[in-house]
Each structure stands twice: as C-alpha cells, then as structure tokens.
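Read the structure below first, then the notes.
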Amino acid sequence: MAALEVRGLRKQFGGVVALNGIDLDIDTDRVVGIVGPNGSGKTTLFNVVAGVHPATGGTVRWQGQDITNIGAHRIARKRLVRTFQQAMSFPGLTVDENVRIAWEQGRRDDSRWASPGMILDFVGLAPLGRAIAGSLPFGSLRRLGLAVALGVSPELLLLDEPGAGLNDSEAQAFAAVIAQLPPQGIGVCLIDHDMDMMADLCDRLVVLDFGTKIAEGPPGEVLSDPKVREVYLGPDKKAAAS
Amino acid sequence: RADEELPIGVIAAQSGSFVSAGNTIVGAANLAAQQINDAGGIKVGDKTYKIKLYIRDNRTDVNVTIAAARELVNDIGVKAIWGTETHDFSVSMAKITGPAKVLQFSGNSSLGAVLDDKAVAEDGWLHYTFQSEPQEWQRSGSTAKGVLSLLTPQLKSPPKHSVVFVGNDATGQYLSSHYVKALEAEGQKVDLVQYPPDTTDFSPLLTRIKGMKPDIVHFWYNGDSTLTAFPQALKLGVAPSYFLFGVDPGIYQERSLKADVPVTMSCVPVCWGSSPYPEVKQYFDKYFGLGAAKGPQSSVSLLYYDYFFWYAKALEKVGKIDDPDAVVAELLKSDYKGVVSPVPLVFNKHHQVTFATEVCMVEPNTSDKFKCAVEQPPAAPPPGDNGG
Amino acid sequence: MPMIDQSAGKTGGAPEGVRPRDRLALLTADNAAVPLPAGVQAITAILLAGLLIALPWLGLGYRFLSIAITTLYTAIGLYGLGLQFGQAGIMSVGHAALMGVGAYASAILSVQLGLGFWTSLPFAMALSAIVGGVIGLPTLRVGGQHYIIITFCFCALFVIVLTNGGTFTGSATGLDVGSVTPLPGINFDKLSNNYYLVLAALFLALAATYLIGISRYGRTLRAIRENEQLARSVGINVDLHKLGVLMVSGLFAGLAGVLQLYYLRHISPTLFGAFPSLYLALMVMLGGARYLYGPLIGAIIVNFLPEVLNLEPVDARIAYGICLLLVILLLPGGVGAGIKNIYLAIRGGLETQGGGSNGRA
Amino acid sequence: MFRPSPSLQVRHPDLIMDIFVQQLVNSLSVASVTILIGIGITLIFGLAGIVNFAHGEFLMVGGMATWFMVGTGMNFFVALVLAGLLVGALGFAAERCLFRFTLNRPMNGFIMSIGLSVILQHAVIRVFNEFQKSITDPVGLVWTIGGVDIIAMRAIVVAITAVIVAITYFGISRSRYGMALRASVSDRDTAELMGIPVRRYVTGVFIYGSLLAGIGGALMISLFPITPFTGSVIIIRGFAVSLIGGLGNVGGAVVGGLVLGLVDGLSAGYGYPEWTDAYSLVVMILILVLRPQGLLGGTLGPKAS
Amino acid sequence: MNLLAVEHVDTGYGPVSVNRDVSLAVGQNEIVTILGPNGAGKTTLLRSIAGLVKPRRGTVTFEGRNVTALHADEKAALGVVMVPEGRHVFADMSVRENLLLGAYCRQDRDAVEADITLMENYFTILAKKRGAKAGTLSGGQQQMLAIARGLMARPRILLLDEPSLGLSPLLVSELQGIIIDVREKFGAAVLLVEQNAGLALSVAEQGYLMNSGRIVASGGIEQLKLSPVMQELYLGKRARQSS
Ligand SMILES: Nc1ncnc2c1ncn2[C@@H]1O[C@H](COP(=O)(O)OP(=O)(O)OP(=O)(O)O)[C@@H](O)[C@H]1O
Ligand SMILES: Nc1ncnc2c1ncn2[C@@H]1O[C@H](COP(=O)(O)OP(=O)(O)OP(=O)(O)O)[C@@H](O)[C@H]1O
Ligand SMILES: [Mg+2]
Ligand SMILES: [Mg+2]
C-alpha cells in the first residue's frame, strides 16, 4: 500500500473541471514528478490533497487514513507538507524566524533537524538568516519556501515548481538537495516545467492534461510518449527528453 | 497686613464635549470669588481670608477629573471644590473629597439618587458633598404645575395627554422618571419617549410622537438637544403646544425662534432672559459682563454662585477654616437668602435645597412676548415617586 | 571582447553595510524583528522597573501619581491590544468595551453578590476573555478593515446595552464599588499602594508579553499575521489561534478593567464607548504595537502629553493633534520603533566606523 | 424587529399610513447625507486604503463654513458650492501633506486621520466656538401631500444627492477610470506599470471625496444644527455604508446608505426608542459578517499592514 | 542613438544598496538580455528603469531624454513597459479587464480590440478564460496574461522579468517567437531578464552578465557565451546545447 493514495479525485470550480478523477499512488522513498501543460490541474491536485481546497469528489488516503477535506493544518500535522507555486514566506519576519516557526510546529523527538539552522544550511540560506524574508530575491525566496516546508519534518513533500526562477546551475544544485531527501525518508512529489531537472531527478513521472492522467511511468518513457510530446513538450523538444 | 488665602478648587470641563456646561461653573466661581474678595474677603476668627481659586480643566475625562481632585485635595489642600457638571465625575470625585473631608458642591441633581441617609451620615462617603439643585421631585412638581397653568388657558380643551421626550443618558433617565410622575400627579396621561444621546435628526421620533396625538410635548432635559429638536417639531407640526426644559427665554429671543402654537420653557433655576427678580437680573448682567457666553446653560451658573456666599457665611460662623465637620453642620442648620430664590435656601438632611422653577410662556408668533409663572413645589413627592 | 570584472563575488544577495546617508531611512524602518542583545534588554528592564517603583517617592505630587495610575492600567489593556495587533495583526477599535466587560463584571459581582476586588477578578478576566473570543468570531471570515468597523459597532452596542440595562447595570448612571479589599498591612485607599497594585499588574502584563514574544506561541501569532495560508500549511490551526489570542487579549483587558473600576470606584457606560476605544488604538499605534515597551510608551504619551503641553485647553488639543501627526509621519513604526532604531543606528554607526577604519588600515 | 413598544402604539389607525410615508421621506433625506459621505469614503478607502477618520470633520467643516457664509447674508446654494470647494481644497492639502506618506501603512493613515480630526474639531472651536450652529431653513416650505407633511428642504437634499450620485456613478463606470481605480486597489505598483497615474488618482479621489463631504455638510446644516463634534458621529455611519455596500463601489454606497437610513428611520419610528441606535448597529454587524464583500460586491480593500 | 541608456546607476532599498555603477544600453529594435545569479539585482535594475525604484545615482535616458526621476506611470506613457516578475495580475479583475488595463495609455482605442484578438491568438487559453477572474488562472496562465498585458501597451521598449517562469516547455518555445515578434511586428526593443539561459541566448543579440549588483561582463551574445564567468554560472546543458 502506498503512503499516499489518491482515488478518483475530482475538483470543480464552478463550471471548470480542474481535476477529473485522478488516481495516484506515491511512496515516501521516491521522487515522483508531475508534469503537464499550463492549467492541466497540477497545482489544484496539490491544493486538494493538502486541504487548501475541498475536493468535489474522490478520496485522499495518507498512511492508511482518510484525510479528504480535513483541513490544511491537520494535514500538515500529519507530515504531508506542500510548498506554493507563488513563492510564499512570512515576509515581515527574518529568514531564521520563518524556518523556526515551521520547525517548532513539526518538531518531535526524532526530528531530522536539531535546529532551524541546520535546515538553512541544508538549503544554502545560512548566510541570510537575519535578512527579512520580504526583501529576498526571487530565487532565495523559493529556497526559503522549501526550508519552511522541510521545517515541518515532512514525510512527503509536495513541491510546486521549486526550480522556477533558478538558473541552470542553481537548479542543478537545488536538484541535488532534493535528491538527498528520499533516502532520508522524505518522499518528494514535485511539479516543474524544467524537463532536464525532472528527467534527472524523478523516478517516475505523471502527466496530467485537462485534469486527467494521460501518462505515467519512468521519465524516459513518458517524455518520449508522442501524446505527451504533442500536448506538453512541443515538437522540437526531443533532445530535452534524452 | 497681608490677608490669608483660602484655597478653593474648581473642576469643570473647559474642553471636551461638556464645555458649555463646564464653563458656567468657572464663570460663576470667578464672579463670586471676585465679589467676595472685593468686599474684603471672608472674616474667619480674627483673620481675613481672600479666596484663591484653583481652576482645573477636567477635559471631560474622568481620569483627569480624579487626578485634578487628588491634586487639589492632596497637593494643594483646598478646603472645598466646586464641580463637576456630570454625575459620574462628581461621584468618583466624592470618593476622594469624602475621606479628605473636603467640601464638594456639585451641580447635578441626579446625585439625589445616591444621597441617602447612609451616604450623608457622619461616616458616609457623601457627608461632605452637597447637591446644588433642589430635589428632583420638587423641581419636577414645580415645573409641571407651571407648564400646565400657563398652557391650559391657551388650548381649546384642557390638555390631557403629554409626551415627555428625553435624552437617554444618566441625567435624562433620572430626571424624567420624576417628571413623568409629577405630570401624572397633575392628571396627565403620559408617554415617555427616550432618544439616544447625540441624536441630531429627531424627525423619525417626532413623527412617531405626532402619531400619538399628544396635547403637549415636553422636551425634557438637555437644552442643546432641545434646541435641535424643537424647530424640527415645529416644521412637522407635532403637537398643539410645547414645553422646553432648560431653554432660557433669552435664548429663545436671541435665536428669534417663533412658533404658531404656545410654547413654554423653564430655566434652571431662574431665567436670565425674563427674570421676575431684580437681583437675578443684576447677577446676570455682571456674569455676562465678565465675558461668559449666553447659552442655554448660562442660568445654571447662578447655583454655583450662591453657594460661594453661603459657604463663606458658614465659615465665618464656624470661625475656623480647618473644621470641615463644623462647616457641614453649620451649612445644614443655617439658611441663606441668595439670588436664586426669594425665600431663603435651606439644606434638607440629604444635602439638597428647595426652590421653585421659573416657567415662561411665549405668545404664538412672537419671540419676545413672555409670560412667566413661579409655582411652588409640592409639599411631598407624588404617588409612585420615592423622593430623591 | 566581453569585459570581465574579476573582483566581483560569485554569489549575490547579502545586504551591504549601512551607508551613512541612509541613516534616516533606518530610523523609520520597522526593526521589531531584530533582537537586541540580552544585556541591553536586561539593563532597560532594570532601569525601567527601578524608575516605576521609585515613582511615588520622587515627590511629584498626587496629580502626577493619579495620572500615572491611569497610564498604567491603560497600558495593561494596551498590552492585550498590542498582542492581538502587534503580534497577530488583528486591530480592534472596540477594546475599551472589552475592558468594560471586565469592569462591569466585577462591579456587578460586587453589587449583586458582594464579591470584592480579589474574588471577582478571576471571574471578570474570564468573562472578558470569553467575550473577546466571541466578538472575535467574525475575524475568521472578514478582513482587517471590516473587523475594525465591527468592533466599533460592538463597542457602541455595548454602551447601549449598559445604558438600558436597568438596575442590573445601573443604566446610564453606572455602578459604584467600595475600595480594594485590604491585604494584611496594605490599605489600598492610600494612593501609592493603589499605584503599586496597578504596577504589579503591569509587570505581569509586561512579563507575559515578553515571554509570549520570544516563545513559540508568539512566533505562531506572527506567522498568522504575516501569511495565513502559509501558516496553515505548516500545521498552524489559524482559526483557533486567532480566537485564542483575542481571548488572551481579553484577559489583559479584563484585568485592566477591574483595576480601572477600583481606581475610579464608579463606572458608567460612556467610559467604555467608541472614543475611549479609539484612543486605545491610537496609543498602541503611537507607542508601537510590535515593541515590548511600545504600549507603555503610547499610554504615557497620550496621558501625559496634555499635562506637559498645559496650554489653553483648545490649543492643547490642537498641539496634541500636531504632535500625533509628526510622530506618525516621522516614526511610522511608533515611538518604540524610533527609540530602538536610534539605538541600532548608534550601534550600527560604530560598527560601520570600525569597518571603515579597518578598510583603510 | 420593529415591534412597537406597547405603550407607544399609534392609536389612530387613519394616521398609520401617513406616518409611515412620512417616516420614509425622513429616512431618505438623512440617508442622502450619509450616502454623500459614504461615497467619499468608499472612493478614498477603496483606492488608498486609508480609513480617513477626519472625513467626518470635513463634513463638519463644510457645515460650519456654510453656516458662516449664510450668516454673512450669502444665498444658501452659493454657500453650498463654496463649502464644497473649500473642503475639496482641504482634502487636497491633507492628501499632499499627510496621507501621501502613509499609503503603504493604512493603519498609520488611520491614526493620522484621528490626529487630523482632533485638530480640525478644535480649530473650528478656536475660530468660532463649541456651541451648535444652525441656519434657518433656506427654503422654508412644508408640502402637505395627502396628509403627509414633507419638508421641502428634505426633498431638495434628496434631489441634490441623486444628481451627485448619478454624476459620480456614470463618471466612474462609463470611463476607464473605474477600472483603473480597481486595478490600483489590487496592486498599486503594477497599476503604475500599466501607466495608471495612481498618485494623481489618489489625490483626485481625495479632492472629490472631500468635496462631497463639504456639500454633505452644507446639506446637513440645512436640515438640522451641527456642532464641532458632529463629524465624529457621522463618520462611523459613513464607514459602515461603504463597507456594507462594497468597498470602492459607488452603487454600493448608495444601497448601503439607503439600508442604513431606512433601518434608522424605521427603528426610530417603530422600534423601542431607547434602542434606536442599536438596530442599525446590529444590521451593520450582520451584513459585515455575512457578506464581507458588501451587498453589491466590491474589493476587499487593499491589504492592511 | 540608443533607445535606452542606463549610466552609472546605483539602486537600493532603505539601508540596503543593490546595484552599483550599472551602465547598459539598448538600441532601437534590439533584444538585450541581462543574466545573472539569484539576487544579483536584475529585478531591482529593471524596477529602477521602469520607475518603481528611484535610482540613487546615475541617469536613465530614454530616446535621448533624461527620465531618471519619472514615475512608473509617466514612463509607461512614454512606452517603457515592464512585465513584472511573479506575474502580478489584477486578481479580482477579469482576464479581459487585465488586457484592457495593459492598453491604458494607448490613444488608438480602435486598435485595442484587434490587439486583444492578437493576444488571444498568441495564448489561446486567454480566449477561453476571457471572463474569468485573473486570480483563478493557473500559474502559467497568469504568466501568459502578464506577458500579454504588457504587450497590449504596444511599448517602445518592453522590460521582461523572467517571462518563462512557470510556462510549459511548449509555451517557452512559443515565447521565443513572441519576443521576436515584438521586435518585428511592434518595432519595439526588448530588455529581457531570464534564468532560462537557453531562451535568453537564443533570442538576444546583446547580453549583460550581472553579479552582486554590478555588471561583470557584457557584449554580443556569441562572445558572451564564451566568457569564463558565463561558463561557470551556466553549466547547464541547455546553455551548452544552444551554443
Ligand atoms: N480558484 C479557482 N477558481 C476557478 N478556476 C480555477 C481556480 N483554480 C484553478 N482553476 C482552474 O483550474 C485549472 C487548473 O489549474 P491549476 O492551477 O491546477 O493548473 P496547473 O496545472 O498548476 O498549471 P500551471 O502549470 O500553469 O501552474 C485551470 O484552468 C485554472 O484556471
Ligand atoms: N524590497 C526589498 N527590500 C530590501 N532589499 C531588497 C528588496 N528587494 C530586493 N532586495 C535585495 O536586493 C538584492 C537584489 O534583488 P533582486 O530581486 O533585484 O535580484 P535578482 O537578480 O532579480 O534575483 P532573482 O534572479 O532571484 O530574481 C537582493 O539582495 C535582495 O535581498
Ligand atoms: Mg500550477
Ligand atoms: Mg529577479
């Protein structure tokens, strides 16, 4: 049984069907990637799983428990934690305090992090500990988002475009950070449009289009799927898949 | 030979929302102190004392009132305090003046609610506090009689139904409870309509009153609100006659108010605009001569003024300025013929005085043709009124 | 050929040192989040406590002491407001009503059941806390400005209910109480003892505020203030904490209200209406809601400024308004922020000088 | 809710309808003044996020100026226009010297506006005095239509307000300014990037809003007397109106003003008189809680800091 | 003459200084890119050109006129238009209203409708979502809206701050075409800040490399690709690939 089981998940905003019956299994020892055209429902999937929006139908089970619609903070407390596509922070507080808040919420005896400082070190923000979060440049803000999520001691991280706003070398460094997580018992499910990074990082890719899953499998396989190429990658992106 | 100083405190609102009331206390105190000092001061024992006033603005704030009272009582050591113009403040202040045995003369008649046997007893917290206005049932009775006697001849049939229209604040609540009883004792059927303090648009309530078809509408208490409401009532044609409490004929005349129906008004205690007594006229000439504003509350100053002389007289009689208990005893047994009343004033056992209220009627369609009456208050509270 | 500046570092981002010409900008900044060294904090606390304790012996007179008491009990109420606004970001302009709940609860317990100061205090505080929570319910649905107007309405409603409450609330006339039940050897009728009673409560409030500020709880509140959605996603029960902080704020208000009641010994509805509430909001903003001493500073300024100005009353009000405008224009974070920033600027200035001379050497 | 208190029942059935109509007319005229100030507030508040507490004082200054000018023998309607212009200039000065600096900290703007209102109140007391001021009814007519007494000035107030509302409404919805205003509310910096002169708009709505407050003050003093303290009473209704209707929504301010005016008028006419003010407070709280976006919908306002 | 010239500009926020002594130039019809690591000060520089941040020193010249002190709205009216980083769409307003706001400064009201159609051709989703509130769009859809809104102004120079952010690979390759269209069809210049070096290097002619607030390298794109700093910062496959 997978740690996170999504069954027949539906989400409708008025007349817009954002998720149309998604089934998904995610384990905590893997990196699973979710890709798909803009507006295909990736963020909505995270929002519904993490309890930001109520589901219109279907169920979400986490570690055997039904967590559908139980509220965002309860889900986070069960160590299923997400980051936001629009990088978020507590803007008026220092970077240090941002992470400390999350760390305190998720602290338990076997926490991986003995202090918030360790998390900052881990994501490479240690020199900016005293900076005010609201003044960070875009890229650092994304890292802070990850640090805050890590602070909660997650068992599964849902990362929404963590690489956006990073240049290639930064993205690679970032991918290296993420790759360290599953071996430590932190599963990762991430959305990103950087196919180089996704191909390197993910054990499995799930492709969404119009709120339905159109492909799933190892990155190499999925990215060469003609259907995926047509709706998502575009004709001349073959090289990126290799 | 240098005269000694008699320190006396005045606490009144010189800023904030009660300024117009507060200024009357200050005006009266200044006039009284000046006259007493000019006349040579107060002879107590073998010394002569000149009054030295310590005037404090309470900014219409109870905390400042208390701080000022503490200052006057403890830092300066005044012998007596005049003020304040508000029930709440006077009550809080009494809790400081009482233990310090400083005499307090407060203007609000709603003090009557707390001036009971226990409170004014030798060890009571209001033993040193005096209410400068008459008992409310007396004033109400005197006023009701005056209003009815002036209006009855003017109306086609004798008035039967009165509506009392009053502000819903501490003083309004207290005063109207007595006035309703007084009107009922005179055979009126009475409805009470309370309006929220700070109302400026009275039309909805007045329209409603119009629907009740009253013979007289009594605007009871708070001259400012009355002056706002009355013109609106005239426009709406609410009633065939009116009574305006606390609006001086002088104000009526000054503002060139005019009504096509008979309107009565009373002043607290005697009108400056149309007074039956020459001393009162003289007083107001001097009072306004000092620059005080001519407002609906101006006549109230008279109360504070008279008590200065009465207090001075009591001090002279006692012969010591440092024996407040003796001064209280003296005040309670003495009488004083002041400006406010043709008969001498005496304090009852609850530290209240008795005098009649003057009621005047203005002839329809004029602003200055007044006819006044001074009806003596009833001998006892009307049925249902437990005194106070 | 591309020009290449080899001296430039590889990683960007770290803020540079403070440039002298930007000192003024620094003065107006909000540095509530910047911690001061423990030594500085301790010295400030000791100096302040010493001054407050010594106050009755400085021979400043009863008027001064009376206003000091007013200032202190107001400050206690302000610490609640400081907590809910400064930390959790929920402003209220109905705070005087909450103090009124405490004051009236205590007064009614005294009139109806004969309970004294000490025995009624816990009930009054509890009731204020509960009412604080209940009027807080709309914060779960509406935003800041809406809540401000709602609290204002609540305040006006509270006054109307008290005014029409018959003998139970004493109507417009209000209620009277006796003096604080003496403790062995301490009679609170003595003004200085009353002062120490209020001062003790203020110290409690200050200590509580300080502890909350540095604790996990304080951080949780700030997280909610800064970003509710993110707060939820790290596991904070935002709704519960919002109501919770309003209840804690209510506790402070209740305490302040009871102290006010026993200082005035007579209360009436207008004391707890819209305008006192507005002034509380004003004080907390003036002092700086996010700073430990901000509320106290705000209370001191508003209560003592008219005394200090001591102009003709109308002029005093005008001068007071002008002072207020100047403070807000020049010190947007409140006077508390200004003082802290001056300290930081001096310290920062020394550092920069040190750095500069090192550079030259 | 409007159950009459037992002793106050109207005892003359023939009067019931007349009285009711009269109450409606009364409510409408008072609602008019509230609407005028509500529109000013909704525009300023909606755009600049400033809870301008001094707006009530602007109204009071407008009323006092009218009183003064009428006292010198000027025609009321001329005085009305001049009062509007005077207060508009006041708003301009306030925006330029004060509120411009607190755009990013609405709470500070709010506190500053309290300071300004203290100054204005006492400046008026300094120049005149603290007593209430009134003018004689500039029209002085009472129309009796089918047993209903309608004070002509009240009808004129309603008419003037209707004209102003119409002008404002079309001015805003017919032009692209309305859209620009809404954009400025939701993201000031980005609105500037689009070329929207946000600062000038802020100044503009300040002037216009203040002008309306000045006219509102003039109309108010034509109905009943005002004191230097009138502003602080009326301001809360103004805010309630703008929030009830929906921030930034002129139509909303009109609806909000009418709702409040009717609740006020009817509760004074038919409720327990001593609870008169409570009815509208309860209605305000309920609407704010149940429909935070306002009756007609509006922005939720700029983010407070 | 250069269309836009930035000379010796310093910028900062409060006590923090960001850009130091930055100079760059954009010619008529030219596409110029600024690259640099996270926090280098690229966004701040664009904001100062657009008028959202006042330069502390130095000058910004546009079409020969000193515009350093102008506000953002005044610059927009001159044709200096910025598509801000992180979208900043007007969330409560409809997609169409957002587009109309983009054209706020334009005098040729009649052409606006045609341009809306053009935008809906570039980004077909915008046609489908015409009436939807911008805040309900997905991240990538908002990014498209932000770009389209900027184009609606028919700028003289378009300042693009990370336009590829959150766009699917398919759209990123389309964006390339759109940027070129801006030059070809609109006759405008583009100043492009990008982290996606693949995109930036494939469309731009001139490039500047920024680090720690300073320009550390500049020149023609082909030269720039060879520079050691560039190699160090953009080891990514794509950069190599497109070279
Ligand atoms: N709150 C909302 N109200 C209405 N529609 C919404 C809302 N949120 C999302 N949608 C719609 O649901 C669809 C899926 O959006 P979602 O944000 O999940 O896309 P996405 O896959 O994350 O896209 P992107 O890659 O651009 O971020 C989109 O068409 C979007 O417009
Ligand atoms: N509002 C602000 N207040 C204070 N400092 C700021 C502010 N915004 C940015 N900074 C600082 O300015 C520097 C440059 O930031 P900027 O956003 O311009 O970088 P960038 O090159 O755009 O980075 P990225 O590629 O991550 O977007 C950073 O050190 C940042 O911390
Ligand atoms: Mg998304
Ligand atoms: Mg950037």
Side-chain angles (χ1 to χ4, degrees), chain A residues 13-16 18 35-44 84-87 128 131-132 134-143 160-161 163-174 191-200 223 229-237 239-242, chain E residues 13-16 18 35-44 85-88 91 123 125 128-129 132-133 135-144 161-162 164-174 176 193-198 200 230-242:
Chain A
F13 296 103
V16 181
V35 298
N38 294 121
S40 56
K42 306 179 294 295
T43 301
T44 307
F84 292 89
Q85 179 167 9
Q86 194 94 48
L128 294 178
I132 300 291
S135 70
L136 289 184
F138 213 77
S140 307
L141 204 55
R142 297 224 72 100
R143 271 188 253 213
D160 199 349
E161 300 197 16
L166 302 186
N167 64 36
D168 293 345
S169 60
E170 287 164 345
Q172 280 187 357
F174 200 74
I191 300 172
D192 211 298
H193 292 296
D194 182 342
M195 284 309 111
D196 300 328
M197 187 176 92
M198 293 296 264
D200 287 351
L223 292 179
R229 295 227 322 258
E230 187 201 321
V231 301
Y232 183 54
L233 296 174
D236 58 347
K237 277 287 166 180
S242 59
Chain E
Y13 301 96
V16 183
V18 178
L35 298 168
N38 164 227
K42 308 179 294 295
T43 297
T44 308
E85 183 178 38
R87 299 156 198 142
H88 292 284
F123 305 109
I125 186 71
K128 286 198 203 115
K129 295 266 177 187
K133 292 215 161 153
T136 68
L137 299 190
S138 82
Q141 291 166 348
Q142 289 186 22
Q143 184 66 46
M144 296 178 227
D161 198 353
E162 305 206 19
S164 76
L165 201 81
L167 293 186
S168 73
L170 182 65
L171 274 154
V172 172
S173 57
E174 284 175 14
Q176 206 166 322
V193 165
E194 250 310 332
Q195 294 293 14
N196 186 335
M230 190 68 194
Q231 296 287 334
E232 197 177 334
L233 286 170
Y234 294 90
L235 298 169
K237 286 170 262 172
R238 232 171 306 164
R240 252 178 287 136
Q241 189 188 310
S242 42

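Each chain gets a letter, A, B and so on, in the order its sequence line appears, and its residues count up from 1. Predicted model, so just to flag it, every value in this text is computed and none were measured.
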Contact summary for [X] and [Y], nearest pair of heavy atoms:
| X | Y | value |
| --- | --- | --- |
| E:Asn38 | A:Phe138 | ND2-C, 4.0 Å |
| E:Ser168 | A:Pro37 | CB-CA, 4.3 Å |
| E:Ser138 | A:Gly39 | OG-N, 3.2 Å |

What's the separation between atom CG in A:Leu166 and atom CG in E:Leu165, rounded to the nearest 0.5 Å? 9.5 Å

Gap between atom CD of A:Gln85 and atom CD of E:Gln143 - 0.5 Å precision: 10.0 Å

Does some side-chain heavy atom of E:Met144 sit less than 4.5 Å from a side-chain heavy atom of A:Asn38? yes

Are the side chains of E:Tyr13 and A:Ser135 in contact, using a 4.5 Å heavy-atom criterion? no

Segment of [X] engaging chain E (4.5 angstrom heavy-atom cut-off):
| X | value |
| --- | --- |
| A:Arg142 | neither |
| A:Val231 | backbone |
| A:Thr43 | neither |

Given that the side chain runs from C-beta out, which part of [X] has a heavy atom under 4.5 Å from chain A: side chain, backbone, both or neither?
| X | result |
| --- | --- |
| E:Gln142 | side chain |
| E:Leu137 | neither |
| E:Lys129 | side chain |
| E:Gln141 | both |

Between the side chain of E:Gln195 and the main-chain N/O of A:Ala164, is any donor-acceptor distance below 3.5 Å? no

Does A:His193 reach the main-chain N or O of E:Pro169 with its side chain, forming a donor-acceptor pair under 3.5 Å? no

Highest number of heavy-atom pairs under 4.5 Å with chain A: which of E:Leu167, E:Thr43, E:Thr44, E:Ile125? E:Leu167

